[in-house]
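As the structure lists them, so they are numbered: ligands from 1, and atoms in each ligand from 1.
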Amino acid sequence: MNHPTPEQPAEIVARLRATFRTGRTKPVEWRTAQLGLLRRLLTEKGPDLAAALHADLGKSAAEAHRTEIDFTIREIDHTLDHLADWLRPESAPVPAHLGADASAWTQYDPLGVVLVIAPWNYPAQLLLAPLVGALAAGNAVVAKPSELAPATSAAIARLLPAYLDTDAVAVVEGGVPETTALLAERFDHIFYTGNGTVGRVVMRAAAEHLTPVTLELGGKSPAFVDRDTDLEVVADRLARGKFLNAGQTCVAPDYVLTDPETAAALEPALRGAVEALYGTDPKASGAYGRIVNERHFDRLVGLLDSGRLVVGGDHDRTVKYIAPTVLADVDPASPVMREEIFGPVLPVITVPDLDKAIDFINDRDKPLALYVFSGSEETRARIAAETSSGGLGHGLPLAHLTVSDLPFGGVGESGMGSYHGRYSIETFSHRKAVLSKPLS
Ligand code: NAD
């Protein structure tokens, strides 16, 4: 469609709602066709998206593909493989008082017009993976990329309308004023990924229309390291998980929690792991990313003196570079422990034993992810039973969110609701209860 003047949010929502009302988005054929087109976009224009991700975050092409483009393709393929199955109505046993000829089932109804608001740290994946779920569930979608990743936002605004059904999918670019204007409209679901402060703004706006929300938020995800572990392996996995995307990952290990002896032994192991990944000068490594903007750069530099430097610490504002950094002897009350770090700074906090580690976790907001490195089944079981977190990873950070059959989402301060795979269908559909009794 050609529009002489930019469409206003109310017009966009009305146009998409009109499409939804025609029933066009409901047949499974339309849904799978849209997913196929999105897949084609990602395959044909993957290099454009990778270039945009490099411009916004210094992501290498390999990382852009692995964590954003190919990630979304896998989500599409998994959905295409199973969608018919997931959508199948599920019968329910009928109580005797309704008679033997009555039947009951649940069926998934699309919700209508869905708003997806994405953040800047994985600006393609975190917009497109929810879009996959919302389309698969048969909805029309308004997609709002993050203004803090402007190259990716522009690429998405250019590419989505070139591939997808523009009567059912619209991209609205912009920052706070544009999002505020969108949030004044009535949606049938709002899917927000970002920080908890804005999450509250979104939920308040949604309340006006009784619109359900999914909030994919962040927080401080701890990594507990037990004394019985191979610290070379632990350090390698911690460093990979922490320093991917220069630490700007919602499920990155935020801090390490361990006993003093293990903390001391972990120091050389982490130093070695960083060097093995990025060499002695990570600034020169093509595999290492940059901080998204000066505001976050300055915030992160302010956290660097919260402890003793084990490795890293150097930084260069002109190119928004902060070295992969590990801090030891960190006071739990220091600035680095008072907010989600969301950057390449890994503090190591010591606790005397497992009980105190569990208390430390439970004294704070429920994290989006919790990582446990322990050879003891009992320790793993205790932490699983005695703590609450969005996800739990044994021995490997980040990876749980790549399992399409697991729900991805937070709990408490780290969010509400979940998605990926069939859980996206749950999120973006209404499960309608149906009872049927023959008239004769
Ligand atoms: P951001 O600044 O890009 O904001 C996210 C979105 O909210 C953007 O689209 C932005 O335009 C919009 N927004 C900002 N202010 C607004 C306002 N006042 N009213 C309405 N909309 C507004 O990203 P961010 O919040 O800095 O993202 C980082 C946070 O997101 C971290 O806390 C991180 O842990 C979390 N996160 C969570 C997940 C997850 O899947 N759970 C994934 C990535 C990031």
Side-chain angles (χ1 to χ4, degrees), residues 9 56-57 67-68 71-72 75 115-131 133 142-153 156-157 171-185 187 190-206 208 213-221 241-242 244-254 291-293 295-297 299-300 339-343 365-370 389-391 398 400-402 406-420 423-424 427:
D56 286 332
L57 289 148
T67 65
E68 306 228 34
F71 181 100
T72 311
E75 183 70 11
L115 172 62
V116 177
I117 304 175
W120 52 265
N121 63 329
Y122 290 84
Q125 186 222 123
L126 294 173
L127 188 79
L128 299 178
L131 176 67
V142 177
K144 215 300 285 173
S146 176
E147 74 281 15
L148 300 184
T152 310
S153 176
I156 283 173
V171 180
V172 175
E173 289 194 83
V176 176
E178 291 79 3
T179 318
T180 305
L182 270 177
L183 286 170
E185 298 304 315
F187 290 92
I190 300 175
F191 187 102
Y192 170 80
T193 305
N195 68 76
T197 305
V198 176
R200 284 166 169 80
V201 172
V202 169
M203 201 166 170
R204 254 181 238 120
E208 285 303 311
V213 293
T214 302
L215 301 179
E216 296 280 342
L217 311 177
K220 293 180 86 63
S221 297
K242 176 70 183 190
L244 179 77
N245 199 23
Q248 300 162 113
T249 302
C250 56
V251 285
D254 187 274
I291 306 307
V292 65
N293 57 30
R295 184 170 67 80
H296 279 286
F297 177 91
R299 178 183 65 78
L300 287 161
E339 60 181 86
E340 177 182 3
I341 298 168
F342 219 53
D365 291 334
K366 292 179 181 176
L368 182 59
L370 170 58
S389 57
L398 274 50
H400 61 292
L401 77 83
T402 65
L406 285 178
F408 177 57
V411 56
E413 267 304 307
S414 57
M416 59 183 73
S418 64
Y419 73 127
H420 285 174
Y423 300 96
S424 291
T427 288

Where's the contact between A118 and ligand 1, heavy-atom distance under 4.0 Å: side chain, backbone, both or neither?
-> backbone

Atom 35 (C) of ligand 1: of S414, G194, G199, the nearest heavy atom sits on G194

For the atom pair OH (Y192) and CG (L115), what is the distance rounded to the nearest 0.5 Å?
-> 11.5 Å

Just jot down the ligand 1 atoms closer than 4.0 angstrom to any heavy atom of F342, in number order.
-> 28 (C), 31 (C), 33 (C), 34 (O)

W120 side, atom CH2; L126 side, atom CG - distance, nearest 0.5 Å | 11.0 Å

V202 contact mode with ligand 1 (heavy-atom cut-off under 4.0 Å) = neither

Atom indices of ligand 1 within 4.0 angstrom of L126 heavy atoms, with elements | 42 (C), 43 (C)

State the CG-NZ distance between D365 and K220, to the nearest 0.5 angstrom.
-> 10.5 Å

Which atoms of ligand 1 have any heavy atom of E340 under 4.0 Å away?
-> 31 (C), 32 (O), 33 (C), 34 (O)

Just which atoms of ligand 1 are under 4.0 Å from any heavy atom in L148?
-> 2 (O)

Under the 3.5 angstrom rule, does the side chain of K144 hit a backbone N or O of V172 as a donor-acceptor pair?
-> no

When you measure from atom 36 (N) of ligand 1 to every protein heavy atom, which one gives the shortest distance, and what is it?
-> C250 CB, 3.4 Å

Which one holds for V251 and ligand 1: side chain close, backbone close, both close, or neither close, with close meaning a heavy atom under 4.0 Å?
-> neither

At under 4.0 Å between heavy atoms, which part of L217 makes contact with ligand 1: side chain, backbone, both or neither?
-> backbone

Indicate yes or no for a side-chain donor-acceptor contact from S221 to the backbone of D254 under 3.5 Å, with no hydrogens or angles considered.
-> no

Given S146, G409, G415, which one has a non-hydrogen atom that is nearest to atom 3 (O) of ligand 1?
-> S146

Drop me the distance from N121's CG to H296's NE2, to the nearest 0.5 angstrom.
-> 9.0 Å

Short version for I117: what comes under 4.0 Å of ligand 1, heavy atoms counted, is side chain

Any donor-acceptor pair under 3.5 Å from S153 side chain to E147 backbone = no

Side chain, backbone, both or neither: the part of Y122 lying under 4.0 Å from ligand 1 by heavy atom | neither

State, yes or no, whether a side-chain contact exists between V201 and T197 at a heavy-atom distance under 4.5 Å.
-> no

Is F408 in contact with ligand 1, taking contact as a heavy-atom separation below 4.0 Å?
-> yes

Examine distances only and state if a side-chain atom of E185 and a backbone atom of P9 form a donor-acceptor pair shorter than 3.5 Å.
-> no

Can you check whether E68's main-chain N or O pairs, donor with acceptor, with Q125's side chain at less than 3.5 Å?
-> no

For atom 25 (O) of ligand 1, state which one of V292, N121, N195, V198 supplies the nearest heavy atom.
-> N195

Heavy-atom gap G410 to ligand 1 smaller than 4.0 Å | no

Separation of E75 CD from L131 CG (nearest 0.5 Å) | 11.0 Å

T193 heavy atoms within 4.0 Å reach ligand 1 at atoms 5 (C), 37 (C), 38 (C), 39 (C), 40 (O), 42 (C), 43 (C)

Around atom 26 (O) of ligand 1, find the nearest protein heavy atom and jot down its residue, atom name and distance.
-> W120 NE1, 3.0 Å

Ligand-residue contact atoms, ligand 1 with K144, heavy atoms, under 4.0 Å | 8 (C), 9 (O), 10 (C), 11 (O)

